[in-house]
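Here is the structure we will look at, set down as structure tokens.
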Number of protein chains: 2
Amino acid sequence: MSTLRQQRRAETQRAIQTHAIRLFTERGYDATTVADVAEAAGVSPMTVYRHFPTKEDLVLVDEYGALIAGRIAASPAGQPLVRRIGTALVEAAALLTAGTEKRFLLARLRLMISTPALRARHLDNVYALQQAIVDALPAGDPEADFRAHAAASACLAAMHTALVRWAADDGRADLPDLISKALAAAFGPELYTGPCSGKAG
Amino acid sequence: MSTLRQQRRAETQRAIQTHAIRLFTERGYDATTVADVAEAAGVSPMTVYRHFPTKEDLVLVDEYGALIAGRIAASPAGQPLVRRIGTALVEAAALLTAGTEKRFLLARLRLMISTPALRARHLDNVYALQQAIVDALPAGDPEADFRAHAAASACLAAMHTALVRWAADDGRADLPDLISKALAAAFGPELYTGPCSGKAG
DNA sequence: CTCGATTGTGTTAGCGACTACCAGTTTGGT
DNA sequence: ACCAAACTGGTAGTCGCTAACACAATCGAG
């Protein structure tokens, strides 16, 4: 395709999102209207909706979902589910925090956690990721599917706990390490040194 | 205190909610306006908002939160966290399904799962329950608090998986049993017979 | 370089959730 | 019977969001 058009598009998108996060942080999410964001970014309110389907999507972080699902699908099938999923989450967190815009990521995370509407939407995104993880595992009987859902949801819940803690610490702690600790607190440390018992599925 | 006024109030509340669930199930949540619900219930749109803060609250189920927190606070402190929390969740589910309005509860649950906006709000309610559970545990150092959050979130995620499965089965399965199975699938069956480390070592 | 097609942007009008404010009526206690 | 409280309704307005139409910029091809 072309470059100039996509370049301008990405440029305005970043401008809109940057001003949105700034205004949301300064005045609060609910106290900031989409018109305010549009005016700050120098565009019309319609343009905001052309680039972001909803006001919430100006803040939400979604990436790495496909990456996580892919890693889990490629992980050795002999290990217990929570270890396979937990390892993928820790590795994805390492990639996430390796990005250069950690301060921007933290600002979005803080908004997501403190604003009820954003928190609800984020939790629903995590729920969608849970479905993606289950879909990445080989489909078995309904019983195995149920166990996969239970394991995935529990792992993601532990990860979310680590995310909240990481944001509360202003990103000073190591996120992958926090996720590991949360997983260990929920499932016991045995899951990272060896199977707790023969869990023949 | 209570007689005619509270009786009428509860009566109109039930009328509004019943018609709301019926219309939402028939036409879909998004395709039904609050004005439709008000008209069906024979009240003004204003009255709907007086009894239910938002349209979503016409569907959401919240009860048993305080009950669960209380049971966890009263559970023996020697057991692992996931066992204490899991036991309380199973017992609360037994009380929930013992109610007489199982069909009504199932209708609300189906709406909550299939409608994105309701699902997100419900997940945020579960998150609030997680906080209530952690607050019900004796406050320790930040590390213990973190572990409590991780354990509570993982248990509630497993419970949510069981809820989804129960709704998919149209309530034919036994909900407490499903929750037990989900917890066992996530944490291993050892957590219900004894500590994991004792058996592995 | 020009022409037609695609795409980004703006304007207007409108729906629906939700709130604030004001007014009328009913209920409970004395 | 009286007064204070609560329940209800109407009006107007804000905000998130969508649809329909018009205009300008950009790109591919002749």
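Per chain, numbering begins at 1; letters A, B, ... match sequence-line order.
- Of the charged side-chain nitrogens involved, at least one lies within less than 4.0 Å of a carboxylate oxygen, so that B:Asp57 and B:Arg121 count as a salt-bridged pair.
- Rounding to whole angstrom units, NZ of residue A:Lys55 and C1' of D:dT14 are separated by 12 Å.
- Atom-to-atom, CD of A:Gln6 to C1' of C:dG8 comes out at 13 Å; the value is rounded to the nearest Å.
- A distance-only check finds no donor-acceptor pair linking the side chain of B:Arg71 to the backbone of B:Ala88 [under 3.5 Å].
- When only modelled atom types and interatomic distance are considered, B:Asp177 and B:Ser180 share no side-chain donor-acceptor pair under 3.5 Å.
- The distance between atom CZ of A:Phe52 and atom C1' of C:dG8, rounded to the nearest whole Å, is 15 Å.
- Between the CZ atom of B:Arg50 and the P atom of C:dC18 there is a distance of 15 Å, rounded to whole Å.
- One can find a donor-acceptor pair under 3.5 Å joining the base of C:dT6 and the side-chain atoms of A:Arg5.
- A donor-acceptor pair is defined here as one N or O able to donate and one able to accept, closer than 3.5 Å; no such pair exists between the side chain of A:Arg27 and the backbone of A:Thr32.
- Taken residue by residue, residues 108-126 of chain A places no heavy atom nearer than 4.0 Å to DNA chain C.
- Summarising the geometry, the separation between CE on A:Met46 and C1' on C:dT9 is reported as 9 Å, rounded to the nearest angstrom.
- A donor-acceptor contact shorter than 3.5 Å links the side chain of A:Gln17 to the backbone of A:Leu58.
- Regarding B:Glu56, its CD atom lies at a distance of 16 Å from the P atom of D:dG16, rounded to whole Å.
- A:Gln131 CD: more than 12 foreign heavy atoms inside a 6.0 Å radius.
- Here A:Leu178 contributes atom CG and A:Met159 contributes atom CE; the two are 12.5 Å apart, rounded to the nearest 0.5 Å.
- In this structure, the separation between CZ on B:Arg83 and CG on B:Leu81 is 11.5 Å, given to the nearest 0.5 Å.
- Each of A:Tyr49 and B:Ser44 lies near DNA chain D, and the nucleotide nearest B:Ser44 is the one positioned closer to the 5' end.
- Look at NE2 on A:His51: it is 16 Å from C1' on D:dC17, rounded to the nearest Å.
- Residues of residues 28-38 of chain A that place a heavy atom closer than 4.0 Å to DNA chain D, in numerical order, are A:Thr32, A:Thr33, A:Val34.
- With hydrogens and angles disregarded, a donor-acceptor distance shorter than 3.5 Å links the side chain of A:Arg84 to the backbone of A:Ile72.
- Axis angle between the ends of the helix from C:dC1-D:dG30 to C:dT30-D:dA1, five pairs each and rounded to 10 degrees, works out to 20°.
- Annotation: B:Arg14, atom CZ; neighbour count of heavy atoms from other residues, nucleotides and ligands within 6.0 Å does not exceed 12.
- Residue B:Pro45 is classed as having no contact, given no heavy-atom separation below 4.0 Å to the nucleic acid.
- Summarising the geometry, the separation between CD on A:Gln7 and P on C:dG8 is reported as 14 Å, rounded to the nearest angstrom.
- A donor-acceptor contact shorter than 3.5 Å is absent between the side chain of B:Glu56 and the backbone of B:Leu118.
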